[in-house]
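A, B, ... follow the sequence lines: proteins, then strands. Residue 1 opens every chain.
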Number of protein chains: 2
Amino acid sequence: MLLDTNTAFERLRAAGLKLTVQRRAVIEELVGDESHPTTEELARRLSARVPGMSLSTVYKVLHELVELGLVRQVDAAGAMRFDPNGADHVHVVCDECGDIFDAELPATAVTAIKSAAPKGSAITRLDIVARGVCPHCAA
Amino acid sequence: MLLDTNTAFERLRAAGLKLTVQRRAVIEELVGDESHPTTEELARRLSARVPGMSLSTVYKVLHELVELGLVRQVDAAGAMRFDPNGADHVHVVCDECGDIFDAELPATAVTAIKSAAPKGSAITRLDIVARGVCPHCAA
DNA sequence: GTTACTGCAAACACTTTGCAGGAGA
DNA sequence: TCTCCTGCAAAGTGTTTGCAGTAAC
């Protein structure tokens with residue numbers, strides 16, 4: 001479920017979307033990035049990579065990638081952040097430094113939560129944010 | 001952990017905050033409300049209850065209640081929503097109708113998630129959103 | 001040659017802020 | 001009385017939209 005350049009390109013094609021320079025750049029910039037960048041941060045990096053790239057295009061492309069399930073968005077305090085890890089997992093957010101860390105979501109937790117949902121509902125995605133203090137700030 | 005008028009008033013006093021008409025109204029409006037209203041929705045109801053009550057006051061009071069841990073905020077698509085249930089629980093969000101339902105968070109899930117967090121971190125709150133289709137929309 | 005995408009700038013929705021007058025203790 | 005709070009209006013922030021020109025296929 002981790003974002004990979006080639007699969008992402010294929011998925012775009014499959015969805016009938018053109019492989020523009022900008023879409024390529026957003027994907028390549030996001031692959032392997034575990035820092036959970038904001039749209040602003042991505043736009044900053046991308047305009048270095050693709051001179052003249054606009055903020056609204058960054059928004060549009062990110063939205064498409066989320067729609068395709070290739071990327072996750074994390075809503076952490078004000079600005080939206082992005083994560084190339086499309087799988088269900090836990091986001092540990094530090095209240096001190098604001099950093100976001102990924103943590104694995106135990107299968108037992110998934111089944112427990114899904115079984116707690118109302119009978120007849122179909123859960124397709126879990127967004128889990130654990131807030132507290134990270135090991136670094138605790139010291 | 002469910003919001004209760006008297007305890008809320010006590011907590012405000014304890015925090016050195018005055019018991020204004022507006023604060024009273026926000027608390028009373030929120031007690032027992034399971035509909036996860038937006039700030040706008042609350043402001044609408046409150047201006048009926050307290051004529052002339054301003055939107056910015058609603059924002060300020062809600063922020064205080066969240067700070068005191070009496071109320072939770074749920075960040076579901078655009079507008080912030082509020083929940084008088086201060087305990088960790090699951091929010092089931094329907095992608096069709098947008099409604100939010102509360103579900104119990106199994107203790108097994110809590111321990112599983114907390115143990116998955118980085119060693120040395122202290123998790124104080126879990127925000128869990130389960131997205132999918134509610135029983136009503138599935139039919 | 002078509003079609004769909006980008007960049008721009010303006011609009012938008014939600015939230016925050018500063019301050020003077022007014023209510024709470 | 002003294003302090004804190006409210007309401008107003010204005011500013012702020014992050015995001016969306018419409019459209020003409022342009023790149024992808």
Side-chain angles (χ1 to χ4, degrees), chain A residues 8-29 36-68 71-83 98 100, chain B residues 8-29 36-68 71-83 98 100:
Chain A
F9 288 177
E10 276 173 33
R11 291 277 203 93
L12 283 181
R13 286 180 170 283
L17 300 171
K18 294 178 179 172
L19 250 70
T20 63
V21 185
Q22 293 82 353
R23 286 191 179 128
R24 258 181 239 266
V26 172
I27 292 165
E28 286 165 2
E29 189 62 52
H36 305 85
T38 61
T39 319
E40 204 91 17
E41 167 66 10
L42 281 170
R44 199 187 54 73
R45 290 196 220 151
L46 284 163
S47 62
R49 188 191 271 258
V50 181
M53 182 156 185
S54 79
L55 185 55
S56 63
T57 299
V58 178
Y59 274 104
K60 284 169 191 164
V61 175
L62 286 170
H63 194 259
E64 291 161 357
L65 296 179
V66 170
E67 287 272 282
L68 291 174
V71 159
R72 289 221 157 201
Q73 39 186 347
V74 193
D75 199 331
M80 200 64 79
R81 291 166 169 276
F82 295 87
D83 188 342
I100 302 182
Chain B
F9 288 179
E10 275 173 34
R11 291 276 203 94
L12 284 181
R13 285 180 171 282
L17 300 172
K18 294 179 179 172
L19 250 72
T20 64
V21 185
Q22 292 84 352
R23 286 192 180 130
R24 257 181 240 265
V26 173
I27 291 166
E28 286 165 2
E29 190 62 51
H36 306 85
T38 61
T39 320
E40 205 90 16
E41 168 66 11
L42 281 169
R44 201 187 52 72
R45 290 195 221 151
L46 285 163
S47 62
R49 188 193 271 260
V50 181
M53 182 155 186
S54 79
L55 184 56
S56 63
T57 298
V58 178
Y59 274 105
K60 284 168 192 164
V61 174
L62 285 171
H63 194 260
E64 290 161 358
L65 296 178
V66 170
E67 287 272 281
L68 292 173
V71 160
R72 289 222 158 201
Q73 38 186 347
V74 193
D75 200 328
M80 199 65 78
R81 292 168 168 274
F82 294 88
D83 187 343
I100 303 181

Please list, chain by chain and in numerical order, all residues satisfying side-chain contact (heavy atoms from CB on, under 4.5 Å) with B:Val71, sequence neighbours excluded. B:Leu3, B:Leu30, B:Leu65, B:Val66, B:Phe82

Who are the salt bridge (charged side-chain N to carboxylate O under 4.0 Å, His left out) partners of A:Arg11, not counting sequence neighbours? none

Whole-Å distance separating the CZ atom of B:Arg24 from the P atom of D:dC4: 19 Å

Listed once per pair and sorted, the salt bridge (charged side-chain N to carboxylate O under 4.0 Å, His left out) pairs that draw on residues 45-54 of chain B, sequence neighbours left out: B:Glu28-B:Arg49, B:Glu29-B:Arg45, B:Glu29-B:Arg49, B:Asp33-B:Arg45, B:Glu41-B:Arg45

Measure CG/B:Leu62 against P/D:dT6 and give the value in whole Å, please. 12 Å

What residues, two or more places apart in sequence or in another chain, satisfy salt bridge (charged side-chain N to carboxylate O under 4.0 Å, His left out) together with A:Arg72? A:Asp88, A:Asp127

Hey, are the side chains of B:Ile27 and B:Leu12 touching, using non-hydrogen atoms and a 4.5 Å cut-off? yes

Please report, rounded to the nearest Å, how far the P atom of C:dT15 is from the CZ atom of B:Phe82. 7 Å

Sequence-distant partners of A:Glu10, salt bridge (charged side-chain N to carboxylate O under 4.0 Å, His left out), two or more places apart: none

Has B:Tyr59 got a side-chain N or O lying under 4.0 Å from the OP1 or OP2 atom of C:dT16? no

side-chain contact (heavy atoms from CB on, under 4.5 Å) with A:Ser47: which residues, sequence neighbours excluded? none

Is the distance from OP1 or OP2 of D:dG14 to the nearest side-chain N or O of A:Thr38 less than 4.0 Å? no

Rounding to the nearest 10°, end axes of the helix from C:dG1-D:dC25 to C:dA25-D:dT1 built from five pairs each make an angle of 40°

List the protein contact pattern of nucleotides 2-12 of chain C with one symbol per nucleotide (5' to 3'): B for base contact, S for sugar-phosphate-only contact, - for none; contact means a heavy-atom distance under 4.0 Å. -BSSSBBB---

Roughly how many Å is it from CD in A:Glu41 to P in D:dT13, rounded to a whole number? 17 Å

Using whole Å, report how far CG of A:Leu19 lies from C1' of D:dC25. 11 Å

Begin with the C-alpha distance, continue with both residues' side-chain angles, and end with the deciding distance and a verdict on side-chain contact (heavy atoms from CB on, under 4.5 Å) for B:Gln73 and B:Leu62. CA-CA 9 Å; B:Gln73 38 186 347; B:Leu62 285 171; over 6 Å; no

Whole angstrom value for the distance that separates P of D:dT13 from CG of A:Asp75: 18 Å

Separation of atom CG in A:Leu12 from atom C1' in D:dA23, rounded to whole Å: 16 Å

State which residues pass side-chain contact (heavy atoms from CB on, under 4.5 Å) with A:Ala15; sequence neighbours excluded, sorted by chain then number. A:Leu17, A:Leu68

